[in-house]
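Report on the structure given below.
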Amino acid sequence: MAVVVEEKEQKEQKENEKEEEEAHPYAFHVSGPRNVAKPNWRDLINSSWKDTNYKRSVIACFIQAVYLLELDRQENRTVETALAPKWWMTFKYKLTQTLIDERDGSIFGAVLEWDQSAALADFVLIRPSGAPKAVLVLRGTLLKGPTIRRDIEDDLRFLAWESLKGSVRFKGALEALRTVAERYGSSNVCIAGHSLGAGFALQVGKALAKEGIYVDAHLFNPPSISIAMSLRNIGEKAGFAWKRLKSMLPSSSEPQADCDEDIKDNSLKSWLGNIYGDKASMGLKQWVPHLYVNNSDYICCHYTDPEGKTEENEANKENTGPTNGQVAAKLFVMSKGKQKFLEAHGLEQWWSDDLDLQLAINKSKLISRQLKSLYSLPASQVTKRPR
């Protein structure tokens, strides 16, 4: 009799846990996308992954899974009650690696790979065209006790230096991305991140692009503000004002100035030659990250600032990215009018049904600044690797 009662209690406990999971606001069926279909046999004829809206929504779900992996860890959820798995299993992917921050043991990223065995159960015989074999996803800041200190530390690192290379997370993400790119080929790999994670994804992707490894990149609400950037802008404006002042002053060395201009013109021609003539440098144009920003989000909204055609930009032409119609990145902007910050910076918006997204046609000053190092590398420093 006691055994029967115990079994009944265990059954009731599991049912209660299941009900709690189903009612959780982060459960996939509660807050996940409503109109994003699971892979099925029709994808063999017309792959859903070729639809940019579908791809964006699914990748955003993968990032949500990383947030939930860490929350599952913090709240000691079991395999049966964990919230994260549904966010990748629905789309026939599996977790193959978690990225752990050695400073506090928190999960900041994960590698998800196509799960062929799960796909076969739904008669999906092969991986749909456009679906990556592996995705490295990185979460942003979690305002929870166990991880908030290290998250904020990296936030401040970016704010101060506009660089995340000093973080252990940068090293871990770079190694993980390089490993899957070498295993599956860079054209079959994707990196994605949200907020702070998008900052890491951009800098890790750029680091590999310098090595000739070009992976698909999707960056949601990437950080766009830093003290270093502000100081650099002030310095550039002061430098430009000084040049204008010098040009108005009488000088006894005008021929030398002409010579300097010739040198400058030659260096510009050399740069253009590297971009459009040199085969190694041509490869750099193949890395075009996708950025998703919201105009009401003050963390990422500066990506929408146009580059503009000013005398200062013309004078510093050699520092810009590709020209003649070439794009450095694809910038997608959402604007619903005035929104609260948490809504504008949230990840859930990127899989919502009423998403009003536009591809920005203007050049972004910040994107050109972020990626200009890719387009000024000497050919000798670029190693084109097989894709």
Side-chain angles (χ1 to χ4, degrees), residues 63 99 101-104 106 108-109 136-142 147-178 181 191-215 217-237 239 284 287-293 297-305 307 316 318-321 328-329 331 345 364-378 381-382:
I63 300 171
L99 276 60
D101 189 324
E102 62 188 30
R103 298 170 298 182
D104 59 5
S106 64
F108 68 91
L136 171 62
V137 278
L138 305 168
R139 68 166 175 83
T141 304
L142 262 178
T147 186
I148 186 172
R149 178 185 172 188
R150 298 306 182 186
D151 287 354
I152 295 296
E153 184 177 309
D154 283 331
D155 285 326
L156 294 176
R157 187 191 306 275
F158 183 89
L159 179 64
W161 305 109
E162 202 177 354
S163 175
L164 295 164
K165 289 185 178 181
S167 172
V168 296
R169 296 183 182 182
F170 178 89
K171 181 181 178 182
L174 183 62
E175 290 177 353
L177 186 61
R178 183 183 284 114
I191 185 172
H194 172 250
S195 190
L196 175 63
F200 276 109
L202 176 62
Q203 297 191 15
V204 168
K206 185 169 70 170
L208 283 194
K210 289 181 179 180
E211 299 178 15
I213 303 174
Y214 318 114
V215 300
H218 294 264
L219 317 172
F220 299 86
N221 302 89
S224 65
I225 51 176
S226 72
I227 296 173
M229 181 180 68
S230 301
L231 293 177
R232 190 185 299 115
N233 287 338
I234 294 171
E236 286 179 355
K237 290 177 180 178
L284 292 173
W287 193 64
V288 181
H290 300 70
L291 283 74
Y292 306 92
V293 303
D297 177 10
Y298 61 79
I299 287 181
C300 68
C301 66
H302 292 287
Y303 275 103
T304 62
D305 294 343
E307 194 170 38
N316 291 286
E318 66 272 19
N319 290 330
T320 61
L331 179 64
H345 192 66
S364 165
K365 180 179 180 181
L366 186 54
I367 290 175
S368 295
R369 184 190 301 280
Q370 293 270 16
L371 301 182
K372 72 178 182 180
S373 60
L374 286 179
Y375 303 98
S376 57
L377 281 176
Q381 292 184 19
V382 181

To the nearest 0.5 Å, tell me how far Leu196 CG sits from Asn221 CG.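 Taking CG in Leu196 and CG in Asn221, the distance rounds to 12.0 Å.
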Distance check, rounded to the nearest 0.5 Å: Leu174 atom CG versus Gln203 atom CD?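 Answer rounded to 0.5 Å: 11.0 Å.
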Counting neighbours of CZ on Arg149 that are heavy atoms of other residues, nucleotides or ligands and sit closer than 6.0 Å, is the number greater than 12?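 No.
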Judged by atom type as modelled, is there a donor-acceptor pair below 3.5 Å linking the side chain of Ser224 to the main-chain atoms of Ile299?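 Yes; judged by distance alone, with no hydrogens or angles, the pair exists.
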When you measure from the side chain of Trp287 to the backbone N and O of Val215, does any donor-acceptor pair fall under 3.5 Å?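 Flag set: sc Trp287 to bb Val215 pair under 3.5 Å.
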Heavy atoms only: give me the nearest [X]-[Y] pair and the separation to one decimal.
{"X": "Ser195", "Y": "Pro223", "answer": "O-CD, 3.1 Å"}
{"X": "Tyr292", "Y": "His290", "answer": "OH-CB, 3.7 Å"}
{"X": "Ala181", "Y": "Ile213", "answer": "CB-CG2, 4.0 Å"}
{"X": "Leu219", "Y": "Ala198", "answer": "CD2-O, 3.8 Å"}
{"X": "Leu164", "Y": "Phe170", "answer": "O-CB, 3.2 Å"}
{"X": "Asp104", "Y": "Ser106", "answer": "OD1-OG, 2.7 Å"}

Side chains of [X] and [Y]: closer than 4.5 Å at any heavy-atom pair?
{"X": "Leu202", "Y": "Pro222", "answer": "no"}
{"X": "Arg169", "Y": "Leu99", "answer": "no"}
{"X": "Ile148", "Y": "Leu142", "answer": "no"}
{"X": "Arg157", "Y": "Ser163", "answer": "no"}

Charged N-O contact under 4.0 Å between Arg150 and Glu153: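 Salt bridge between Arg150 and Glu153, a charged N being under 4.0 Å from a carboxylate O: yes.
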The test is side-chain contact (heavy atoms from CB on, under 4.5 Å); show your working for Lys171 and Lys165 and say whether it passes. CA-CA 7 Å; Lys171 181 181 178 182; Lys165 289 185 178 181; over 6 Å; no
Asp154 versus Ser167, side-chain donor and acceptor atoms under 3.5 Å: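 The criterion, which ignores hydrogens and geometry beyond distance, is satisfied for Asp154 and Ser167.
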So His345 and His194, would you call those rings parallel, tilted or perpendicular, with 30° and 60° as cut-offs?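 Plane angle between 30° and 60°, so tilted.
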Residues that Asp155 engages under side chain to side chain donor-acceptor pair (under 3.5 Å), provided they are two or more places apart: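 By the side chain to side chain donor-acceptor pair (under 3.5 Å) rule, Asp155 matches Thr141.
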Checking side chain to side chain contact (heavy atoms under 4.5 Å, CB included) between Phe200 and each of Leu136, Ile191, Leu138, which is the one that passes?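 With Phe200 as partner, side chain to side chain contact (heavy atoms under 4.5 Å, CB included) holds for just one option, Leu138.
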